[in-house]
Asker: 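Provided herewith is a single structure, encoded as structure tokens, for subsequent inquiry.
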Amino acid sequence: MIVTLTGRQTLRDAGHPLDAARAVLGGTLTVGTVRVRVVEVEAYGGDPSGPWPDPASHSYRGRSPRNSVMFGEPGHLYVYRSYGMHFCANVSYGPVGVAGGVLLRAAEVVEGDELVASRRPGIRRPADAARGPGNLGSAMGLTLEHNGFDLLGVDPGMCLTLGNATEYRDGPRVGIAVAADRPWRLWLDGSPAVSAYRRSPRAPAPTTRWDDRVRD
DNA sequence: TTCATGATAAGG
DNA sequence: CTTATCATGAAC
């Protein structure tokens with residue numbers, strides 16, 4: 001018997017942060033008249049009392065006004081201000097009360113190129129429009145007003161379809177000082193919109209080469 | 001490869 | 001009040 005899960009169920013029942021990341025990767029996000037295909041994501045877990053403790057996650061030190069969406073219904077948009085100037089977007093996952101988020105790191109523009117171009121003047125090539133989480137936020141026109149929107153429900157102008165990617169690359173997460181080497185960054189191989197890997201200068205040097213390490 | 005940028009949360 | 005941060009583009 002074939003069971004088709006709704007997107008909400010898939011995100012709620014993720015058994016691991018990577019399950020949620022795989023579900024989102026390859027899907028589409030629509031905000032207003034702009035639709036993009038998500039080609040790079042990072043999984044983030046939650047606090048130590050939950051199933052996926054993650055010191056790199058905004059929710060690691062418990063619920064706060066900023067991160068509360070991560071603790072809420074799966075399939076909602078968690079928008080945060082990064083370094084005071086960029087807006088980055090996550091998709092919440094896990095049951096209500098359990099924190100988790102999939103950071104949207106890069107996407108290809110499918111619809112709305114004109115509006116995106118006006119929001120991202122000066123880019124060298126179209127693939128750079130939503131390349132990197134801050135750039136993705138700019139291209140989609142995201143602000144804190146979008147925080148908490150239901151991506152799988154009735155909120156106007158906001159829609160997420162899951163990609164449930166089965167073929168992808170993985171690697172260490174970008175720009176974080178702790179738990180940087182968990183292979184929780186996933187991307188679609190070959191997409192020109194995938195961002196470049198930048199290791200945090202605060203992260204300890206990896207003890208083994210990435211390609212040599214064993215992953216489970 | 002390093003730096004300025006500059007909001008917000010967390011810790012002293 | 002001080003420090004760190006799920007980043008970016010430009011300068012070096």
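Just the heavy atoms: all of them, side chains too, but no hydrogens, waters or symmetry mates, feed the values below. Here is the naming used below: chain letters follow the sequence lines, and residue numbers restart at 1 for every chain.
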Asker: Once you apply a heavy-atom cut-off of 4.0 Å, does Ser200(A) come out as touching a base, just sugar-phosphate, or nothing?
Answerer: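 Contact class for Ser200(A): none.
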
Asker: Should His58(A) be listed as having a side-chain N or O under 4.0 Å from OP1 or OP2 of dC6(C)?
Answerer: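 His58(A) to dC6(C) OP1/OP2: side-chain N or O found under 4.0 Å.
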
Asker: Is there a salt bridge (Lys or Arg N to Asp or Glu O under 4.0 Å) between Arg8(A) and Asp150(A) once you walk through the steps?
Answerer: CA-CA 10 Å; Arg8(A) 184 96 60 198; Asp150(A) 185 357; 2.9 Å; yes

Asker: For residues Val109(A) and Ala129(A), report the shortest heavy-atom separation together with the two atoms involved.
Answerer: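 Shortest heavy-atom separation between Val109(A) and Ala129(A) comes out as CG2-CB, 4.2 Å.
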
Asker: Using heavy atoms to find the nearest nucleotide of DNA chain B for Arg61(A) and His86(A) separately, return the residue whose nucleotide is more 5′.
Answerer: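 The 5'-side residue here is His86(A).
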
Asker: In whole Å, I'd like the distance from the CZ atom of Phe87(A) to the P atom of dA7(B).
Answerer: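 Rounded to the whole Å, the gap is 11 Å.
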
Asker: Which is true for Leu103(A) with a 4.0 Å heavy-atom rule: it touches a base, it touches only sugar-phosphate, or it touches nothing?
Answerer: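 Touches a base.
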
Asker: Ignoring backbone atoms, establish whether Arg202(A) has a side-chain N or O less than 4.0 Å from OP1 or OP2 of dT5(C).
Answerer: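 Arg202(A) to dT5(C) OP1/OP2: side-chain N or O found under 4.0 Å.
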
Asker: Measure from the side-chain heavy atoms of Met85(A) and tell me the nearest of dT8(B), dG6(B), dT8(C).
Answerer: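 So the side chain of Met85(A) is nearest to dG6(B).
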
Asker: Under 4.0 Å, counting only non-hydrogen atoms across every strand here, what does Arg173(A) touch: a base, just sugar-phosphate, or nothing?
Answerer: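 Since no nucleic acid heavy atom lies under 4.0 Å of Arg173(A), the category is nothing.
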
Asker: Taking atom types as modelled, find out whether Tyr80(A) and Arg66(A) have a side-chain donor-acceptor pair closer than 3.5 angstrom.
Answerer: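 No, no side-chain donor-acceptor contact under 3.5 Å.
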
Asker: Check the phosphate of dC6(C) against Asn67(A), side-chain N and O only, distance under 4.0 Å to OP1 or OP2. Yes or no?
Answerer: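 For dC6(C), OP1/OP2 do not have a side-chain N/O of Asn67(A) under 4.0 Å.
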
Asker: Using a 4.5 Å cut-off on heavy atoms from C-beta on, say whether the side chain of Leu136(A) contacts that of Glu40(A).
Answerer: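 The answer is no; the side chains never approach within 4.5 Å.
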
Asker: Establish, with yes or no, whether the OP1 or OP2 oxygen of dG9(C) is under 4.0 angstrom from a side-chain nitrogen or oxygen of Arg120(A).
Answerer: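 Checking dG9(C) against Arg120(A), a side-chain N or O does come within under 4.0 Å of OP1 or OP2.
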
Asker: Measure the distance between the ring centre of Tyr80(A) and the centre of the six-membered base ring of dC6(C), then answer whether it is under 5.5 Å with planes under 30°.
Answerer: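 Tyr80(A) vs dC6(C): stacking no.
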
Asker: Compare side-chain N and O positions of Arg198(A) against OP1 and OP2 of dC6(C) and report whether any pair is under 4.0 Å apart.
Answerer: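 For Arg198(A), the contact criterion (side-chain N or O under 4.0 Å from OP1 or OP2 of dC6(C)) is not met.
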
Asker: Is there a Watson-Crick or G-U wobble partner for dG6(B) with both distances under 3.5 Å, and if so, which one is it?
Answerer: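 None - no nucleotide pairs with dG6(B), as no candidate has both distances under 3.5 Å.
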
Asker: From the list dA10(B), dT8(B), dC6(C), which nucleotide is the closest neighbour of the side chain of Arg81(A)?
Answerer: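 Within the option list, the nearest is dT8(B).
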
